[in-house]
Amino acid sequence: MPISTKAPFSSSDIQCLAALACEFLLAQGKSHLNGVIKTPVDGVRLFRDPTGCKKQPLLYQSGIIIMLKGSKRLYIDSREIVYTKGDYLVLGVPLPAECAAFTDDDDCILGLVVDVPPSLLVELTQLTPREASSARPTFTVSQQSLDTTIADATHRLLAAFTNKNKALALGASYVREIIYHVLNGPAGYVLSGLTENGHYARVAKALHIIHEKYATSLNVEQIARDVNMSPSGFHRVFREVVLDTPIQYIKKVRLAKARERINGGERVSEAAEAVGYKSVSQFSREFKRYYQFTPLQDKSSEIA
């Protein structure tokens with residue numbers, strides 16, 4: 001029967017969720033996956049890493065991450081966030097960070113990623129009791145332990161993956177339930193603040209502009225005007241929310257997007273041009289400074 005209370009979540013429960021995810025991967029012929037796979041439910045993906053990795057730069061997308069196996073350490077500025085199986089992570093905005101991943105006593109690292117559609121967030125936030133803005137933390141990432149309300153909805157979502165008709169008919173309702181319970185939990189402020197007209201929401205709109213137009217000649221002062229902020233105020237608040245300057249953030253987004261293209265088979269020069277670099281040599285220098293290896297070294301390691 002459905003779990004209706006926010007009781008602690010047990011290790012046997014998380015093993016059950018992980019088993020359902022592995023069943024889906026096996027059915028897709030992806031039981032040895034090293035990467036990300038889409039599920040039959042829009043906006044929901046599974047990721048699997050068989051070995052883990054040392055600390056390296058990564059561009060985290062916004063949304064909800066539910067860990068099923070292994071653990072990760074996320075480094076943002078001077079902060080360190082550890083999330084392990086049985087935890088969930090909520091990110092309000094896309095953030096450049098560094099991440100290390102560990103299998104621990106598991107056979108792999110395994111997790112579920114749930115996107116949060118803006119229209120659904122607005123609708124559910126209106127149905128959620130609001131905490132006074134002054135009482136909320138300002139950080140845009142929150143790590144929490146799963147409770148039984150979120151876990152119960154996650155169980156139904158994972159169970160639906162191997163039944164395509166069920167996933168199409170009910171998957172969106174399970175996603176809706178997960179987001180609703182997250183909004184009503186201790187990490188809810190990370191999402192609810194996006195629907196208000198404060199500085200946090202304005203920076204989120206600026207990030208949307210950057211991710212839409214990162215390959216163009218972006219002007220930070222114009223972005224500030226687009227979100228109704230003064231340039232000086234925008235720089236200050238952007239740094240508070242993202243823990244990076246606008247210029248550095250744009251550069252990291254471009255490098256991350258270029259890396260995706262290179263690992264997808266594009267030539268380095270093509271990837272550099274596609275993300276807005278006019279000089280391949282400048283791109284290669286900045287890529288190596290950020291990732292600690294050259295674009296060609298990264299491509300060869302992916303092939304190997």
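Along the sequence shown, residues are numbered consecutively beginning with 1.
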>> Contact between Ile223 and Phe238 at the side-chain level, heavy atoms closer than 4.5 Å - yes or no?
In response: no
> Do Phe234 and His199 touch side chain to side chain, with heavy atoms closer than 4.5 Å?
Replying inline: no
>> Given 3.5 Å as the limit, does a donor-acceptor pair link the side chain of Asp147 with the main chain of Ile150, or not?
In response: yes
>> Ignoring hydrogens, what is the shortest heavy-atom contact between Arg261 and Glu266? Give both atom names and the distance.
In response: NH1-OE2, 2.7 Å
> Do you know the tightest heavy-atom contact between Ala258 and Ala271?
Replying inline: O-CB, 3.8 Å
> Would a hydrophobic clustering, with Ile, Leu, Val, Met, Phe, Trp and Tyr connected at side-chain separations under 4.5 Å, put Val82 with Ile76?
Replying inline: no
>> Do Tyr277 and Glu286 pair up side chain to side chain, a donor and an acceptor below 3.5 Å, judged on atom types alone?
In response: yes
> Does one hydrophobic cluster hold both Leu168 and Leu170, with members joined at side-chain heavy-atom distances below 4.5 Å?
Replying inline: no
>> Hydrophobic clusters here meaning ILVMFWY residues chained together by side-chain heavy-atom distances under 4.5 Å, can you tell me if Val113 and Ile37 are in one?
In response: yes
> Is the NZ or CZ atom of Lys69 both under 6.0 Å from the centre of the six-membered ring of Phe102 and within 45° of that ring's axis?
Replying inline: no
> Are Gln282 and Arg285 close enough that a side-chain donor and a side-chain acceptor fall under 3.5 Å?
Replying inline: no
> If you group Ile, Leu, Val, Met, Phe, Trp and Tyr by side-chain heavy-atom gaps below 4.5 Å, do Val36 and Tyr83 land in one group?
Replying inline: yes
>> Check whether His235 reaches the backbone of Pro231 with its side chain - one donor and one acceptor, N or O, closer than 3.5 Å.
In response: yes
> Parallel, tilted or perpendicular: which describes the rings of Phe287 and Tyr291, with under 30° parallel and over 60° perpendicular?
Replying inline: tilted
> Does any donor atom in the side chain of Thr125 or Glu123 lie under 3.5 Å from an acceptor atom in the other side chain?
Replying inline: no
> Do Arg254 side-chain atoms and Tyr214 backbone N/O form a donor-acceptor pair below 3.5 Å?
Replying inline: yes
>> What I'd like to find out is whether the side chain of Val41 reaches to under 4.5 Å of the side chain of Val114, using heavy atoms alone.
In response: no
> Hey, is the main chain of Thr245 close enough, under 3.5 Å, to the side chain of Arg239 for a donor-acceptor pair?
Replying inline: no
> Does Lys72 come within less than 4.0 Å of Asp104, counting only side-chain N to carboxylate O?
Replying inline: no
> Would you find a donor on one side and an acceptor on the other, under 3.5 Å apart, between the side chain of Asp106 and the backbone of Gly70?
Replying inline: yes
> Hey, is Glu177 close enough to Arg156 for a salt bridge, meaning N to O under 4.0 Å?
Replying inline: yes
> Does any N or O in the side chain of Gln56 come within less than 3.5 Å of the main-chain N or O of Cys53, such that one atom is a donor and the other an acceptor?
Replying inline: no
> Heavy-atom distance under 4.5 Å between the side chains of Leu121 and Leu183, does that happen here?
Replying inline: yes
> For Val44, does its backbone N or O pair with a side-chain atom of Thr39 as donor and acceptor, under 3.5 Å?
Replying inline: yes
> Sub-3.5 Å donor-acceptor pair from the side chain of Asn219 to the main-chain atoms of Glu221, do we have one?
Replying inline: yes
>> Do Lys55 and Tyr75 form a cation-pi contact, if we require the NZ or CZ to be under 6.0 Å from the six-membered ring centre and within 45 degrees of the ring's axis?
In response: yes
>> Main chain of Tyr180, side chain of Asn184: is a donor-acceptor contact present, judged purely on distance under 3.5 Å?
In response: yes
> Quick one: does Tyr249's side chain have a donor or acceptor within less than 3.5 Å of a partner on Leu243's backbone?
Replying inline: no
>> Could you check whether any side-chain heavy atom of Leu74 comes within less than 4.5 Å of a side-chain heavy atom of Leu89, counting everything from C-beta outward?
In response: yes
> Are Val275 and Ile209 in one and the same hydrophobic cluster, where Ile, Leu, Val, Met, Phe, Trp and Tyr link if side-chain heavy atoms are under 4.5 Å apart?
Replying inline: yes
> Are side-chain heavy atoms of Pro117 and Ile179 found at a separation under 4.5 Å?
Replying inline: yes
